[in-house]
Amino acid sequence: SMEIRKEFLNKYSWNDEDGVYEDYNFVDAKRTGVKSLAMVYPLFFKMATQDEADKVADYLEENFLKPGGLPATLNHSGQQWDAPNGWAPLQWMAVKGLENYGHSKLATTIAERWVALNEKVYNNTGKFVEKYNVEDMGLEAGGGEYPVQDGFGWSNGVYLAMKAYLEDK
């Protein structure tokens, strides 16, 4: 049931000291300590308490909010799922998750920054791409095992959804 899932989520993934959700490594039987946008999933699925959501929102605003949106993690490893890269689905889940708990101002800021970055890259290159550098608006994203992919469906879809979201503001 959802209540049992919430109980497990809070028991194993909630870091009360930092006020965030973290991944749980069941082999090591402890949280990973990695700060990632996975922390917005409980907000997106309405599994967090208001207090937990407030703490996650504060952490995102203080640590994750960049000129172009939110990086996937705070780690600069050179890998594609780490900073400075932002991914469309995670931006959408963050915006909707924050809205679920009344954090409209932060959600709107993230959406505005993401849309502006998408439009800047589109105006410079004539395309949407699979991931974006949210830290440096002058650079393309990178890292990973292959070149940045052009015309990505989730980037296109989230861009349209974010535009609609912002028009309703």
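In terms of heavy-atom proximity, Ala72 sits nearest to Leu90 at CB-CD1, 4.1 Å. Scanning all heavy atoms of the two residues, the minimum distance from Glu99 to Tyr165 falls at OE2-OH, 2.6 Å. Taking all atoms of both residues into account, the shortest heavy-atom contact from Arg113 to Lys66 is NH1-O, 3.0 Å. Gly69 and Val134 get closest at one heavy-atom pair: N-CB, 3.9 Å.
Side-chain contact between Lys55 and Tyr21: absent, with no pair of heavy atoms (C-beta onward) separated by less than 4.5 Å. Val158 is listed as a side-chain neighbour of Trp114, based on a closest heavy-atom distance under 4.5 Å. Here the side chains of Gln91 and Leu70 are in contact, with some heavy-atom distance below 4.5 Å. Using a 4.5 Å heavy-atom threshold, the side chains of Tyr122 and Asn124 count as separate.
Around the CD1 atom of Ile4, the shell of radius 6.0 Å holds no more than 12 heavy atoms that belong to other residues, nucleotides or ligands.
Checked by atom type and distance alone, the side chain of Thr32 never pairs as donor or acceptor with a backbone atom of Asn25 at under 3.5 Å. Side-chain N or O atoms of Asp28 include none that pairs as donor or acceptor with a backbone N or O of Lys30 at under 3.5 Å. Arg31 places a side-chain N or O within 3.5 Å of a backbone atom of Trp14 that can act as its donor or acceptor partner. Remark: the backbone N or O of Leu43 is paired with a side-chain donor or acceptor of Asn100 at under 3.5 angstrom.
Just one residue in the list Trp154, Tyr159, Phe152 forms a ring-ring contact (aromatic ring centres under 6.0 Å, His included) with Phe128, and that residue is Tyr159.
In the model, Thr73 has a side-chain atom that pairs as donor or acceptor with a side-chain atom of Asp82 under 3.5 Å. Defined by atom type and a distance below 3.5 Å, a donor-acceptor pair is missing between the side-chain atoms of Asn133 and Asp136. Judged by distance alone, the side chains of Asn85 and Gln80 never bring a donor and an acceptor atom under 3.5 Å apart. Between the side chains of Gln50 and Asp54, at least one donor N or O sits under 3.5 Å from an acceptor N or O.
There is no path of hydrophobic side-chain contacts, each under 4.5 Å, that joins Tyr41 to Phe26. Follow the hydrophobic side-chain contacts under 4.5 Å out from Leu166 and you reach Leu117 in the same cluster.
Salt bridge status for Lys35 with Asp18: present, with a side-chain N to carboxylate O gap under 4.0 Å. By the 4.0 Å N-to-carboxylate-O rule, Glu52 lies too far from Lys6 to be salt-bridged with it.
Relative orientation of the Phe64 and Tyr59 rings is tilted, given thresholds of 30° and 60° on the angle between their planes.
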